[in-house]
Novice: 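Please find one structure pasted underneath; my questions will follow.
This chain uses plain numbering: 1 for the first residue, then up along the sequence. Start at 1 and go down the list; that is how both ligands and their atoms are numbered.
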Amino acid sequence: MKVLYVCAELFPFLKTGGLADVSAGLPPALQALGCEVRLLMPAFPAIASAVNSTRPVALLPDGPLPWGKAPVLPTAKVALATLPGLKMPLYLLQAPALYERPGSPYLGPNGKDWGDNARRFAALGWAAATLGQGLDPDWVPDVIHCHDWHTGLAPAYVRAFADAGGATPSTVFTIHNMAYQGLFPRAVFAQLGLPAAYFDVGGLEFFGQVSFMKAAIRYADRVTTVSPTYAREILDPSQGCGLDGLLRERAHLLSGVLNGVDYQVWSPATDGFLPTPYDIDALAKKSSAKRTLQLSFGLEPRPHALVFGVVSRLTEQKGLHLLPQVIVDLVQAGGQLALLGQGDATLEQAFVDAAIRHPGQVGVRIGYDEVTAHAVIAGADVILVPSAFEPCGLTQLYGLRYGTLPLVRRVGGLADTVVDCTLENLDDGTATGFVFNDLSAKGLLSALRRAFALSRRPDEWTAAQRRGMGLRFDWLTAAQHYLAIYQSLKPGAKSRARVLSRRN
Ligand code: ADP
């Protein structure tokens, strides 16, 4: 089974969030199950500068198509590349006019979306679909697995080729976050090279705009998202971000596959960023990571202070607007806070202010830093993830592995992975953290209080730590689900003529 894995981020080269971790973890697991996987990514500088070697494959076709004109794009080429540590080939989409820009793959230096994002990511979808049409005659995928709105037009182009009578691969689209949809003004549609009929409420039109996310949900053969609970939640208007109706219509093609963790990167026994490695059998050594964290965040090195950690984008999605409201309670109860994050300017300021108000008890690092992320996950006693919505969430999974009890809201993947320390759950040995329901300061406070209460019962605390550390959310399990999905799709009709190769 040949799988083309299409994405915009890849750890450790280019990462803005969990998507990069998924792109690093899932493809090797698919490979281990016998899939022949290749990646396709834009040649963002962080990727292009890391590749070892490239071999040209082809120019992206720009000639007429059976249904009209090809996408209007600057010259774009596909090359086959290798990346250090990546055990599979990478198709690099080279279009300097689109991708040779520093910083975030999505945002300009002013923090706003690049004005030509529609074309930048239409090119990615177009490259995927044309690879599916034999752009590289040596390797034609059976399945194109696309991730997030950046790749959303790939299934639409594939469908257009299929409608034109071509042999096409199957398409799978994975939603990592419904809140980011790739919405663009109607005027861009004419440049996308899609059949005119697709700009329709039954196609990719979303209230007069072009929606890349809607295109993918509409035209992909299968849609998945990153946890079973989120797969149910997005069928509801409260979390469907306006696409719940379409998702309900296609619910028979939708499933939730829980993300995995790359335990080679996230394991306290082998974590090179930690001063003293520790594991389930040497938990006392976790105190060394805690002390290091306290010192580096300017916290008083009190061994018995309950340290709450945050590693997060600072957005309303993450529920972190609740945290400043309870910091006084947290500190008064003897707790400390170590927060690493960046994002919303108001939230950043609120945490900086809290650190000033509570010197020695609240430490804040505004920014994005992988090493510090490991220090917080390992050194904290509790990792806070009070999200308003959470497709899967990774930091609570990292917390579990590090004996850092997650404190989460009962939503999305958080609900699927953390078991609350109720008396019953403690009693039957299933508890792994603290879970609250209401998206309110009161709700968060109730969970904080349970964390303090459990910290006064050290044996039960240790039991919850051990239980969490023993759990595994491995990529092989997720990959088995994806493979079953690929296998349920029609086999690629490889022998039939491809629309593109006929015309070019
Ligand atoms: P999302 O993808 O919505 O941001 P996830 O929990 O799925 O949330 O994944 C977040 C990933 O980004 C994790 O690997 C986490 O460690 C990392 N991360 C988030 N914020 C930071 C930061 N400020 N510095 C370093 N890593 C971060």
Novice: Side-chain contact test, heavy atoms from C-beta onward, threshold under 4.5 Å: evaluate it for Pro268 versus Lys285 and give yes or no.
Specialist: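 The answer is no, as the side chains (C-beta and beyond) never meet within the 4.5 Å cut-off.
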Novice: Can a donor-acceptor pair be found between the side chains of Gln361 and Glu300 at a distance below 3.5 Å?
Specialist: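 Checked: Gln361/Glu300 side chains pair up, N/O donor to acceptor below 3.5 Å.
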Novice: Check the orientation of Trp126 and Tyr157. Use parallel for under 30°, tilted for 30 to 60°, and perpendicular for over 60°.
Specialist: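 Rings of Trp126 and Tyr157: perpendicular, as their planes differ by over 60°.
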Novice: What are the polar N/O contacts of ligand 1 with the protein below 3.5 Å, with distances?
Specialist:
| unit_1 | atom_1 | unit_2 | atom_2 | d |
| --- | --- | --- | --- | --- |
| ligand 1 | 2 (O) | Gly18 | N | 2.7 |
| ligand 1 | 3 (O) | Arg313 | NH2 | 2.7 |
| ligand 1 | 3 (O) | Lys318 | NZ | 2.9 |
| ligand 1 | 4 (O) | Arg313 | NE | 2.7 |
| ligand 1 | 6 (O) | Leu394 | N | 2.9 |
| ligand 1 | 8 (O) | Lys318 | NZ | 3.0 |
| ligand 1 | 9 (O) | Gly18 | N | 3.3 |
| ligand 1 | 14 (O) | Lys15 | NZ | 2.8 |
| ligand 1 | 14 (O) | Asp21 | OD2 | 2.7 |
| ligand 1 | 23 (N) | Gly367 | O | 2.9 |
| ligand 1 | 24 (N) | Asp369 | N | 3.0 |

Novice: Would a line drawn from the ring center of Tyr180 to the ring center of His150 be shorter than 6.0 Å?
Specialist: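 Between His150 and Tyr180, which both carry aromatic rings, the centre distance is not below 6.0 Å.
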Novice: Suppose we screen for side chain to side chain contact (heavy atoms under 4.5 Å, CB included). Which residues come up paired with Ala373, at least two apart in sequence or across chains?
Specialist: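 Scan of Ala373 (side chain to side chain contact (heavy atoms under 4.5 Å, CB included), adjacent residues dropped) gives Trp266, Val311, Leu340.
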Novice: Taking Arg401 first and then Asp271, would you say they form a salt bridge - that is, a charged N and a carboxylate O separated by under 4.0 Å?
Specialist: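 Salt bridge between Arg401 and Asp271, a charged N being under 4.0 Å from a carboxylate O: no.
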